Colleague: 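Input: one structure, supplied below.
For clarity, every value in this text was computed on a predicted model and none was experimentally measured. In listed order, ligands and their atoms are each counted from 1.
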Amino acid sequence: MNSLAELSQLLFPSRCFGCQKLGPSICSACRSSWHPHYYRTKFDNLTVHSSLLYTPTASKIILAAKEQGIKGADELIIDAIIHAIEKSKIDTTLARLVPVPSSTSSQRRRGRSFIVDLVTKISARTGIQMLDCLQLSRRVLDQSGLHRDERATNLAGAFRITSQARGELILIDDVVTTGATLREALRAVNSQGFHAAGSVSAVTACVAQPLR
Ligand SMILES: [Zn+2]
C-alpha cells in the first residue's frame, strides 16, 4: 500500500462489505462464505438456476453492490451469475439474457439500473447477447420492504415487454426470494404473443430456500 492509500485508510477506514469488519475490502471469512455452488428451484413453469443461498452475509454483499455501488461486490454477483449459467447446461448459443428491472425510484437512488449494468458485463464476458426488453409499465414500490402477498400485488401486471423476444430467454436477477418478481417477468414475456418459440428460464446469483 502506498502512503497515500495508507493515509486514506486512516482518515476514511473502509469496512468489509459483508460483515462491516474494518479492512481494505471483503474479509476472508465473508469471501469464503461466498462460494458458488449450484441450486435449482422450480415454480410455475419456471426453472431458476442459482449459485448461492441467500444468507445474511450474501444479502449484505448484494446490498453493498446495489445500494453502495461497491465494485468488488458487483464482481462477486457477476461471477455467481456466470457460474449458475454454466452449471445450468442451458444451450446458450441462441439465448438472450433478459435483465429483470427494478423500480424507477431505486434506479434513481442508485444512479444506475443495477441489473442492466451487471448483465451488460456478463454479456461481454460470456458472449451471450443481452435483450433489455422488460420495462416497468407503472409505478411499483421497492419489493424489499414488503411481505409475500404484498410483493405479488405490488408487481401484478407491472412489467411489459418492449421488443420481440424469440428463442431461449434467460431472465437475470440478483436474488429470488418469494418468486413474485420472476413470476411477473415470466407473465410479461409470455404475454402478447411476442415470445414465439423457445423457452424461458431464470438465473439468479442467490436463492432463498425455501422461497419465502
Ligand atoms: Zn466480512
Colleague: Is there side-chain contact between L141 and L146, with heavy atoms separated by less than 4.5 Å?
Modeller: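 Heavy-atom side-chain distance check passes, below 4.5 Å.
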Colleague: What is the number of protein N/O/S atoms located under 2.8 Å from the Zn ion (ligand 1)?
Modeller: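 Counting protein N, O and S atoms closer than 2.8 Å to the Zn ion (ligand 1) gives 4.
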Colleague: Please determine whether a side-chain nitrogen of the Lys or Arg among E67 and R110 lies less than 4.0 Å from a carboxylate oxygen of the Asp or Glu.
Modeller: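 Yes, this pair counts.
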Colleague: Under a 4.0 Å threshold between the charged nitrogen and the carboxylate oxygen, would D74 count as salt-bridged to R112?
Modeller: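 Salt bridge present between R112 and D74.
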Colleague: Less than 4.0 angstrom from a charged side-chain N to a carboxylate O is my criterion; do E75 and R125 meet it?
Modeller: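 Salt bridge: yes.
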Colleague: Can you tell me if S106 and S103 form a side-chain donor-acceptor pair at under 3.5 Å?
Modeller: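 Their side chains do contain a donor-acceptor pair, which is all the 3.5 Å distance test asks for.
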Colleague: With a 4.0 Å cut-off, would you call D142 and R109 a salt bridge?
Modeller: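 A salt bridge is present here (some side-chain N lies under 4.0 Å from a carboxylate O).
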